[in-house]
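Down below is the structure, laid out as structure tokens.
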Amino acid sequence: MSLCPVCEQGSLAGFRVVKTQRYLRCPVCEATVMDEPCRLSPDQERDIYQLHDNDPSDPGYRKFLSKLAGPLLERLPPGATGLDFGCGPGPALAKMLEAEGMVVSLYDPYFYPSQTALSRTYDFITCTEVVEHLYEPAEVFRQLDQLLKPGGWLGVMTCFQTDDDRFDNWHYRRDPTHVVFYRESTLALLAEKFGWVMEIPRKDVVLFRKAH
């Protein structure tokens with residue numbers, strides 16, 4: 001059995017098979033992970049990401065992002081420096097935060113592959129609709145922890161997985177680029193692992209604060 005890529009503690013076990021896709025479950029952190037052979041190729045993933053309509057001027061999209069932006073801005077000092085990690089082709093959240101006086105760098109492995117952005121430390125980091133795409137979540141969370149200054153905030157938005165009975169038809173599962181799903185308990189275990197304080201200010205939004 002392979003080790004859970006989220007908590008690196010539990011051994012993944014069979015959970016569900018939905019058509020051609022097989023999913024595994026960690027008994028420790030309760031993450032649900034798509035079996036590796038079922039993943040798309042990098043080119044297939046990129047093609048799907050390019051279809052995402054993330055228009056920074058779209059009021060509906062801005063309202064969606066405000067679920068994270070609002071609570072995060074309430075906790076940030078004026079002029080804080082941040083990183084929009086996995087910003088995608090249209091970094092709308094970064095523009096929203098910049099409009100509030102924040103200074104935001106961009107990183108995305110496909111669209112903004114800036115190693116310079118990964119060489120600094122930040123007052124805050126945002127990951128909106130990112131962590132469900134990660135093949136090696138624990139490795140990325142370790143990286144984000146290193147990029148955060150003491151006392152800094154990591155804001156994550158992802159649909160929490162709750163009801164196993166609805167998993168097969170869940171809209172979030174049907175996106176073939178979504179390969180890992182988190183429960184609130186999964187995120188709480190991550191917070192404990194990294195010594196973060198966790199808050200859930202709104203549905204499907206989690207804020208982690210790094211210790212001083």
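FYI, the numbering just counts along the sequence from 1. This one's a predicted model, so the numbers in the text were calculated from it and none came from an experiment.
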Short question: side chain of Arg202, backbone of Leu68 - any donor-acceptor pair under 3.5 Å? no

Counting only heavy atoms not in Lys193, do more than 12 sit closer than 6.0 Å to its NZ atom? yes

Heavy-atom closest pair (Leu24 atom, Gly14 atom, distance to 0.1 Å) is CD2-CA, 3.9 Å

Going only through I, L, V, M, F, W and Y residues with side-chain contacts under 4.5 Å, is there a path from Tyr135 to Phe15? yes

Interatomic distance, Leu148 atom CG to Leu83 atom CG [nearest 0.5 angstrom]: 9.0 Å

Evaluate whether atom CD of Glu184 has more than 12 neighbouring non-hydrogen atoms of other residues, nucleotides or ligands under 6.0 angstrom away. no

Same apolar cluster (I L V M F W Y, side chains within < 4.5 Å links), Val197/Leu147: no

Would you say the side chain of Pro109 lies within less than 4.5 Å of the side chain of Phe111, judging by non-hydrogen atoms? no

Looking at the rings of Phe208 and Phe194, which for Trp means the six-membered one, are their centres under 6.0 Å apart? no

Is the closest side-chain heavy-atom distance between Trp153 and Glu199 below 4.5 Å? yes

Checking the side chain of Arg25 only, and the main-chain atoms of Ala13 only, is there a donor and an acceptor separated by less than 3.5 Å? no

Shared hydrophobic cluster for Val28 and Met198 (ILVMFWY, side-chain gaps under 4.5 Å): no

Would you mind reporting whether Val156 and Tyr182 have side-chain heavy atoms less than 4.5 Å apart? no

For Asp204, enumerate each residue passing the salt bridge (Lys or Arg N to Asp or Glu O under 4.0 Å) test, keeping only those at least two apart in sequence or located in another chain. none

Heavy atoms only: give me the nearest Leu12-Pro5 pair and the separation to one decimal. CD1-CD, 3.9 Å

Hey, quick one: are Leu40 and Val17 part of the same hydrophobic cluster, counting side-chain heavy atoms closer than 4.5 Å, chains of contacts allowed? no

What do you reckon, is CG of Asp163 surrounded by more than 12 foreign heavy atoms closer than 6.0 Å? yes

Are any non-hydrogen side-chain atoms of Leu207 and Pro201 less than 4.5 angstrom apart? yes

Please report the closest heavy-atom contact between Asp108 and Gly88, naming both atoms and the distance. OD2-N, 2.8 Å

Test side-chain contact (heavy atoms from CB on, under 4.5 Å) on Thr126 and Val104 and set out the steps. CA-CA 10 Å; Thr126 57; Val104 187; 5.8 Å; no

To the nearest 0.5 Å, how far apart are NZ in Lys149 and CZ in Phe124? 10.5 Å

Is there a donor-acceptor pair under 3.5 Å between the side chain of Asp35 and the backbone N or O of Pro37? no

Answer yes when Asp164 and Arg183 have at least one side-chain N-carboxylate O distance shorter than 4.0 Å, and no when they do not. yes

Apply side-chain contact (heavy atoms from CB on, under 4.5 Å) to Leu189 and Glu30, showing your working. CA-CA 10 Å; Leu189 193 148; Glu30 299 186 289; over 6 Å; no

Donor + acceptor pair across side chains of Trp196, Asp145 (<3.5 Å): yes

Do other residues, nucleotides or ligands put more than 12 heavy atoms under 6.0 Å from Arg142 CZ? yes

Does CD belonging to Gln44 count more than 12 external heavy atoms closer than 6.0 Å? yes

Quick one: sort the Phe167 and Trp170 rings into parallel, tilted or perpendicular, breaks at 30° and 60°. tilted

Taking the side chain as every heavy atom from C-beta outward, state whether Met34 and Arg39 have any atom pair closer than 4.5 Å. yes

Minimum side-chain heavy-atom gap Leu118-Phe85 below 4.5 Å: yes

Supply the atom-to-atom distance Lys203 NZ to Met157 CE, rounded to the nearest 0.5 angstrom. 10.5 Å

Test side-chain hydrogen bond (donor to acceptor under 3.5 Å, both in side chains) applied to Glu129 - qualifying residues, sequence neighbours left out: Tyr172

Could you tell me which non-hydrogen atom of Ala117 sits nearest to which non-hydrogen atom of Tyr107, and how far apart they are? CB-CB, 4.4 Å

Does Glu36, at its CD atom, have more than 12 non-hydrogen atoms belonging to other residues, nucleotides or ligands within less than 6.0 Å? no

To the nearest 0.5 angstrom, please state how far the CG atom of Leu76 sits from the OG1 atom of Thr81. 9.5 Å

Heavy atoms, side chains only, cut-off 4.5 Å: are Cys127 and Leu144 in contact? yes

Determine the sole option in Gln21, His178, Gln161 for which the side chain to side chain donor-acceptor pair (under 3.5 Å) test with Arg173 is passed. Gln21

Heavy-atom closest pair (Asp123 atom, Ala80 atom, distance to 0.1 Å) is OD2-CA, 3.4 Å

Derivation of the side-chain contact (heavy atoms from CB on, under 4.5 Å) call for Cys7 and Cys26: CA-CA 9 Å; Cys7 70; Cys26 175; 3.6 Å; yes

Kindly give the heavy-atom pair with the smallest separation between Pro42 and Tyr110, and that separation in Å. O-OH, 3.5 Å

Taking atom OG of Ser66 and atom CG of Leu72, what is their separation to the nearest 0.5 Å? 12.0 Å

Just so I know, are the side chains of Val131 and Val180 near enough to count as touching, which here means a heavy-atom distance under 4.5 Å? no

Single-linkage hydrophobic cluster Leu97~Val103, side-chain heavy atoms < 4.5 angstrom: no

Rounded to the nearest 0.5 Å, how far does CG of Asp47 lie from OG1 of Thr177? 12.0 Å

